[in-house]
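The figures that follow rest on heavy atoms only: side chains count, while hydrogens, waters and symmetry mates do not. Just so you know, residue 1 is the first one in the sequence shown, and it goes up from there.
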Amino acid sequence: MSVVRINETQPLSGAITDLPDNIYGNYNSPLYQLIQGGLRNQPTTDPNPILFLQKYSSANRNQNSSEWEQGGLYSQLTKVTGNAYGAAITGNARATGGSGDSIGIHARCSRVTPGGRGYALWGYFSGQVQSSEASHAAELNANVTYDPGYGSNHQLVRVCMADRSADTNRFGSALTVGRNTKGGDNNGFHTGLRFEAGSIVRNTGNDGEAIRVDAPISSSGSIGGLRFARAHTSHGGVFKYAFKTDEAVFADNEVGRLGVTQRLSWYSNGARRVSLVGGNTTLSITGGALNIANPVSDTGLQIAGTKVLGQRKGGWGGVSGTTSRAQFNTSNVTTSQLAERVKALIEDLTSHGLIGA
């Protein structure tokens, strides 16, 4: 192993007294070309990098449309045989003291002129894939020594805006699952976002959820939760469903949970038409009517499994004469008085829609 050391108090070359902190454990391979800044007991105070690569380019695509310009560093690992894992590039930031953030790999892309897209990271997976093997363009793994608890600020992935120049400088989407733009209209993924079994756990009580959306910080505006829409009015595709739960099992069979006075609303042309509102002991319909369409065997409305209201009974004719809803005594009521009250019942039941012509 050849060694070059960069340190204020050490010569540029010399015998190895500190083994490098290699996460793979191969410390003494003769293939190593080690460039080390500082020593374990004499760390350097220079914030500049050990190695700086820079390329100024005016390269064009001279041969084909997929030709790439090679940047400042190209690292390739070709697996010929063996069963060891391989990594073409490894970045490891190890903090044993001090303060400040530690970043294994820091990628940044800056565009000061238009003319192309910019990617801080761009991953590509290609090759033969068997259905029994897992293949990923990217995989992120968390290895912590304790559980910070539900609701903590520990995230495996965090996507946020970094432009501090103006509050109005924003991206359109924080995360987009895209399609292959050259592969037709149906060249995409089978599942856009999947949470594998066991990937979400409960910490205490009823905590733990697959998706959580926090409310806005400011009360001056509101945001939506989940939205299903067409990206363009010319797209003719349709959703088969918005939510599908028939393959799942829920505690107490509770598929959804709403707060008291919260409503489900139906809109048309931007205006709310009808709402279903739940109270402490009631369920109300506002702005519309309850319609039981295509009832099964005239099951009608039921209370505790017993039918209390069914479809309208027809064949009733009109009744003429005097109407009365006054009290009466069964021991001395006359036929005329009783007929007046029967007429009132027929009119009221017809008005309610229980009977009719």
Side-chain angles (χ1 to χ4, degrees), residues 21-26 49 51 53 55 65-95 100-111 116-148 150 152-163 170-201 208-214 226 231:
D21 293 324
N22 189 321
I23 61 175
Y24 301 123
N26 303 320
L51 181 64
L53 302 177
K55 177 182 179 181
S65 60
S66 61
E67 184 179 10
W68 279 59
E69 175 190 354
Q70 307 306 314
L73 176 65
Y74 183 95
S75 176
Q76 178 167 310
L77 173 65
T78 301
K79 186 74 171 181
V80 178
T81 185
N83 59 6
Y85 290 7
I89 296 178
T90 298
N92 179 35
R94 185 166 178 256
D101 299 343
S102 298
I103 303 172
I105 295 178
H106 181 195
R108 178 177 295 187
C109 176
S110 300
R111 292 198 61 87
R117 293 171 292 182
Y119 304 91
L121 287 173
W122 198 89
Y124 187 90
F125 174 85
S126 64
Q128 299 294 326
V129 178
Q130 297 182 8
S131 59
S132 60
E133 297 177 348
S135 299
H136 319 283
E139 179 171 331
L140 304 175
N141 296 282
N143 184 14
V144 295
T145 57
Y146 75 103
D147 185 352
Y150 173 82
S152 68
N153 290 324
H154 295 70
Q155 300 107 9
L156 180 57
V157 178
R158 185 170 185 263
V159 182
C160 61
M161 293 298 301
D163 191 340
R170 301 185 182 95
F171 268 29
S173 301
L175 181 63
T176 298
V177 179
R179 63 182 178 91
N180 189 333
T181 57
K182 297 182 180 180
D185 294 336
N186 295 302
N187 190 7
F189 300 95
H190 292 293
T191 301
L193 183 61
R194 176 183 175 183
F195 297 88
E196 293 183 349
S199 61
I200 309 299
V201 298
E209 54 271 323
I211 297 178
R212 170 181 168 179
V213 181
D214 291 337
L226 298 178

Least distance between heavy atoms, F189 atom then G178 atom
CE1-O, 3.6 Å
Would you say R111's side chain and G116's backbone share a donor-acceptor pair under 3.5 angstrom?
yes
Near N83 CG, under 6.0 Å, is it more than 12 heavy atoms from other residues, nucleotides or ligands?
no
So CG of L77 and OG1 of T90: to nearest 0.5 Å the spacing works out to 9.5 Å
Exercise: identify the closest heavy-atom pair between V177 and G192
CG2-O, 3.8 Å
Has S75 got a side-chain atom pairing as donor or acceptor with A88's backbone, closer than 3.5 angstrom?
yes
Residue pair A95 / S102: nearest heavy atoms and the distance that separates them:
CB-OG, 3.5 Å
Kindly indicate, with the supporting measurements, whether the criterion side-chain contact (heavy atoms from CB on, under 4.5 Å) is fulfilled by L140 and V157.
CA-CA 8 Å; L140 304 175; V157 178; 3.0 Å; yes
One should read off an interatomic distance between I200 CD1 and R212 CZ, to the nearest 0.5 angstrom, of 12.5 Å
How long is the gap from CZ on R108 to CG on L121, to the nearest 0.5 Å?
12.5 Å
Where the side chain of K79 meets the backbone of Y85, is there a donor-acceptor pair that is under 3.5 Å apart?
no
Report the distance from atom CD of E209 to atom CD1 of I211, rounding to the nearest 0.5 Å.
10.0 Å
Can you tell me if CG on L53 sees more than 12 non-hydrogen neighbours from other groups inside 6.0 Å?
yes
Got more than 12 heavy atoms from elsewhere within 6.0 Å of CG, L175?
no
Does atom CZ (F195) have a neighbourhood of more than 12 heavy atoms from anything else shown, all under 6.0 Å?
yes
